[in-house]
Each structure stands twice: as structure tokens, then as C-alpha cells.
Amino acid sequence: MSEPAPVALLRDRLLGWYDAHRRDLPWRRDPRPWPVWLSEVMCQQTRVDSAIPYWRRFMAAFPTPADLAAAPLDRILGLWAGLGYYARARNLHAAAQQVVARHGGAVPDDPQAFGALKGVGRYTRGAVMSIAFGHRLPAVDGNAVRVICRLDRLTDDPRPPRNKEVIWRRAAALVDGPRPGDLNQAIMELGATVCSPKSPACLLCPVADRCLARAAGVQQALPVKPKRKKRRTAHRVAALVRDGEGRIWLGRRPTDGLLGGLWGLPAVDAPGPDGPALRTLGLEPDLDAEPVTVEHGFTHLVWRVHTWPARGAPTGGEVEVWRAFAEGELPGLGLSGPSLKALRACGVNLPHRRGAGRR
DNA sequence: AAAGCGGGGGA
DNA sequence: TCCCCAGCTTT
């Protein structure tokens with residue numbers, strides 16, 4: 001009896017652990033290409049638990065790529081609102097149209113063709129191709145980076161392409177065997193549930209005895225984390241404007257860039273809580289009123305939004321379309337986070353997103 | 001190589 | 001508060 005080669009042993013341990021402990025996620029009950037693809041896009045930089053309700057709503061609304069391709073972007077963003085990184089929704093819409101045009105509506109069973117679609121990078125290509133079609137391609141997400149850095153005790157910053165390549169090659173060797181999709185998921189699942197960033201549960205880990213970081217007692221310190229920069233704070237001045245019917249004026253932001261395609265209150269950048277700046281939108285703010293101030297953080301900056309009641313009808317500014325909406329129309333509209341916060345703070349009654357959708 | 005791009009959950 | 005999450009695109 002000879003000992004299995006290290007890679008084969010790792011595969012067996014990881015798959016055995018995965019079979020026993022994998023989470024019961026909705027797309028795992030139905031691992032067809034389109035449901036899997038949608039789940040992978042929604043889970044980018046997003047916790048699985050956060051993505052699940054959105055995935056259910058999307059699958060109900062758009063059961064096939066052709067359904068998504070045919071839908072107006074505004075409706076898609078309305079369902080995506082709250083999940084963040086809205087370029088994912090725009091790219092997936094474009095990619096679904098590419099699938100219809102190039103592949104007759106079927107997700108291509110071909111890594112080259114799939115990887116050429118909008119918004120499909122190295123990770124998503126490997127994940128969908130391995131899980132849905134059984135291609136032996138690695139899929140390295142943040143969890144996998146952590147697991148592999150610890151397993152091999154890789155002490156260099158994993159972000160530079162040179163070091164990233166080492167990690168991807170290791171993952172490629174691991175999945176170059178049976179059940180590549182399950183193996184990819186096993187590695188990610190291990191990182192998500194056991195090999196966590198802080199205080200990893202090594203006693204529950206199926207490969208703890210093979211982990212070089214643990215052998216050296218440095219598992220918490222890996223992977224090394226880059227120092228992050230401070231977020232700058234920017235001021236925004238916004239207006240709550242009602243028309244004669246009590247409807248609220250909103251504008252739709254340009255399709256590209258921050259919160260692209262989402263609806264929000266009439267607003268402009270300002271050096272501070274500068275109410276009169278709203279006159280540049282053709283509005284007359286009630287400067288006797290105290291502004292309502294909310295803060296909203298993004299990845300790279302923080303908005304401090306000061307909202308005044310105002311009169312008039314907005315024009316110009318950085319938006320594509322101005323429209324007034326009844327309060328009942330606001331849920332499901334595709335309202336930006338900052339404006340949602342500001343509206344609530346101003347006393348407009350809106351359901352919370354998490355409870356807003358059915359199911 | 002670095003920056004832009006959301007929002008939330010947990011320590 | 002800070003960290004980090006089933007990353008991709010643009011500059």
C-alpha cells in the first residue's frame with residue numbers, strides 16, 4: 001500500500017468533506033448553466049446569503065438567458081437594486097444578448113466562447129464551465145486564495161499577477177481530475193465556512209494535517225493583507241420635491257459609472273451643505289428648513305447627503321431622465337442606496353429591501 | 001499596477 | 001470601527 005500522491009489525497013479529503021458538509025444552496029439543486037452563471041455573477045464580492053433572495057427573484061423573472069436579453073435594463077436594475085456593483089447587471093444583460101445572437105440562446109459549452117462574454121472573467125469562466133459542464137478549469141475566488149495560501153504557506157502578497165499565477169496553477173492541478181466543479185466548490189466552501197479569515201476552525205478542516213501554515217502556526221496571518229487607503233468624504237446636496245399630485249421627482253443616473261442606471265433624488269456635488277447649489281437644477285430650496293443629513297459609504301468614498309425640501313421641476317444635471325413618481329411606485333424602481341436612505345430620513349415610508357421582494 | 005465599483009454582516 | 005465577501009473592467 002503506497003501513500004496517495006499529495007494532490008490525490010487532497011482531492012479525496014476535500015470531496016469527502018464537501019459531500020458531507022456542503023450547504024444546501026438553491027442553485028446546487030439545479031446545476032444547469034444559466035442558474036449557475038447567474039449565481040456566480042451575483043456572488044461576486046457578495047456573501048452567498050445576501051445573493052440568495054435576489055437569485056430566486058431573477059430566476060422567477062428570467063428563467064432563460066433569452067428572457068433576460070429581452071427585458072429592459074430598467075426592470076433588471078429594479079430587481080438588482082440593493083445588491084450593489086450594478087455593472088454586473090448591465091454586463092449580464094449584454095452577455096445574455098450575446099448568447100442569443102451568437103449561440104441561439106444556449107449558454108455555450110466551450111470555455112473560449114463563454115469567456116468572451118461580457119462580464120465573464122477568469123473566475124466566472126472556470127466556475128460555470130466546471131460546475132455546469134465538467135470542464136477541468138480552476139475557479140479561484142477570495143476564499144480559494146486564502147485556502148491555498150495557507151495550505152502551501154504562501155507568504156507573499158497574493159495580488160500581484162506573478163503570485164496570483166502561482167495560486168491559479170495550484171488550483172488547476174487540484175481540479176485536473178474527477179469532479180472538477182465539486183472540487184472548485186469544495187475549496188471555496190472550505191474557505192467560506194471553516195478556513196475563515198480570522199480564527200479558522202482548523203479542528204474541522206479535512207486537510208489540516210496537510211496545511212503548512214497550520215504546521216507553522218501562522219494560519220491567521222495568511223494571506224498577507226495589503227494596507228488599505230482611507231476613504232474620502234464628499235458632500236452631496238439633494239432635494240425632496242413634490243409635484244401638485246404629491247409625486248416625488250427623481251432622476252435616472254447615466255448608465256455608466258457610480259450607481260449607473262439607478263434612480264435618485266435631484267442632487268449635485270457640493271463642497272459642503274450648500275443648499276443654494278440646488279438652484280443649478282432649476283429648483284428653489286426652502287432654506288429656512290433644516291436639511292436632513294445621511295451618510296452612505298461606498299468602497300472608495302463616503303457621501304454625506306444633505307437634503308432640503310424644494311419646489312419646482314428639476315432640469316439638467318448629471319441625469320438622463322427626470323420623472324415624478326407616486327410613493328407607491330418607489331419600491332422595485334431601482335432606487336439608489338443613498339437616495340433610499342435620504343427618503344426614509346425625510347419621513348417617506350418605504351419598505352426595507354430585504355423584505356421588499358416576495359419569497 | 002492601480003483605481004473604480006455597493007452594500008451588508010460579523011468581529 | 002474595520003474587514004472582507006463565489007471579481008471584472010478601465011486607465
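Owing to the predicted nature of the structure, the values given are computational and were not obtained by experimental measurement. Labels below follow one simple rule: chain letters A, B, ... track the order of the sequence lines, proteins then strands, and each chain is numbered from 1.
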What integer number of Å spans the [atom1] atoms of [N] and [M]?
N: B/dG4; M: C/dA6; atom1: P; value: 24 Å
N: B/dG8; M: C/dT9; atom1: C1'; value: 23 Å
N: B/dG9; M: C/dC8; atom1: P; value: 24 Å
N: B/dC5; M: C/dC4; atom1: C1'; value: 15 Å
N: B/dG6; M: C/dC3; atom1: C1'; value: 15 Å

Atom [atom1] of [X] to atom [atom2] of [N]: distance rounded to whole Å?
X: A/Arg231; N: B/dA3; atom1: CZ; atom2: P; answer: 16 Å
X: A/Asp156; N: B/dA1; atom1: CG; atom2: P; answer: 14 Å
X: A/Lys198; N: B/dG9; atom1: NZ; atom2: P; answer: 17 Å
X: A/Phe298; N: B/dG6; atom1: CZ; atom2: P; answer: 7 Å
X: A/Lys229; N: C/dC4; atom1: NZ; atom2: C1'; answer: 18 Å
X: A/Asp256; N: B/dC5; atom1: CG; atom2: P; answer: 10 Å
X: A/Gln220; N: C/dC3; atom1: CD; atom2: P; answer: 17 Å
X: A/Lys225; N: B/dA11; atom1: NZ; atom2: P; answer: 16 Å

Measuring to OP1 and OP2 of [N], would you say a side-chain N or O of [X] lies under 4.0 angstrom away?
X: A/His300; N: B/dG4; value: no
X: A/Lys230; N: C/dC2; value: no
X: A/His296; N: B/dG7; value: yes

Upstream residue (5' side of DNA chain B) when A/Arg159 and A/Gly297 are each assigned their closest nucleotide: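 Residue closer to the 5' terminus by nearest nucleotide: A/Arg159.
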
Reading DNA chain B from 5' onward, which residue's closest nucleotide shows up sooner: A/Arg162 or A/Gly260?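 By nearest-heavy-atom nucleotide position, the 5'-most residue is A/Arg162.
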
Only stems of 3 or more consecutive Watson-Crick or G-U pairs count here, both distances under 3.5 Å; name the ones for DNA chain B, or none.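 Correct response: B:1-5 with C:7-11, B:7-11 with C:1-5.
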
Quick one, A/Arg170 and A/Val147 - any side-chain contact, counting heavy atoms below 4.5 Å?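 SC-SC contact between A/Arg170 and A/Val147 ruled out.
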
Apply the test side chain to side chain contact (heavy atoms under 4.5 Å, CB included) to residues A/Leu10 and A/Arg210: give CA-CA distance (whole Å), side-chain angles for both, the deciding distance (0.1 Å), then the verdict. CA-CA 8 Å; A/Leu10 291 173; A/Arg210 293 298 196 156; 4.0 Å; yes

Using a 4.0 Å heavy-atom cut-off to protein, can you give one letter per nucleotide of nucleotides 5-11 of chain C, 5' to 3': B if the base is in contact, S if only the sugar-phosphate is, - if neither? BBBSS--

Please check if the distance between the ring centroids of [X] and [Y] is under 6.0 Å.
X: A/Phe298; Y: A/Trp303; answer: yes
X: A/Phe62; Y: A/Trp34; answer: no
X: A/Phe325; Y: A/Trp249; answer: no

At 4.0 Å (heavy atoms only), tell me whether A/Leu301 reaches a base, stays on the sugar-phosphate, or touches nothing.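 Nothing: the residue A/Leu301, judged by heavy atoms under 4.0 Å, touches no strand.
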
Would one find more than 12 heavy atoms of other residues, nucleotides or ligands at under 6.0 Å from atom CZ of A/Arg311?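 For A/Arg311, atom CZ is not crowded (no more than 12 foreign heavy atoms under 6.0 Å).
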
Anything under 30° is parallel, anything over 60° is perpendicular, the rest tilted; go ahead and classify A/His135 against A/Phe133.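 Because their plane-to-plane angle is over 60°, the rings of A/His135 and A/Phe133 count as perpendicular.
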
Main-chain N/O of A/Val36 paired with A/Ser39 side-chain donor or acceptor, under 3.5 Å: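 Indeed, once roles are kept as given, a pair shorter than 3.5 Å links the two residues.
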
Indicate yes or no for a side-chain donor-acceptor contact from A/Arg22 to the backbone of A/Ala186 under 3.5 Å, with no hydrogens or angles considered.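 Flag not set: sc A/Arg22 to bb A/Ala186 has no pair under 3.5 Å.
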
A/Asp157 vs A/Lys225, test: salt bridge (charged side-chain N to carboxylate O under 4.0 Å, His left out). Steps then yes/no. CA-CA 7 Å; A/Asp157 183 345; A/Lys225 46 187 183 254; over 6 Å; no

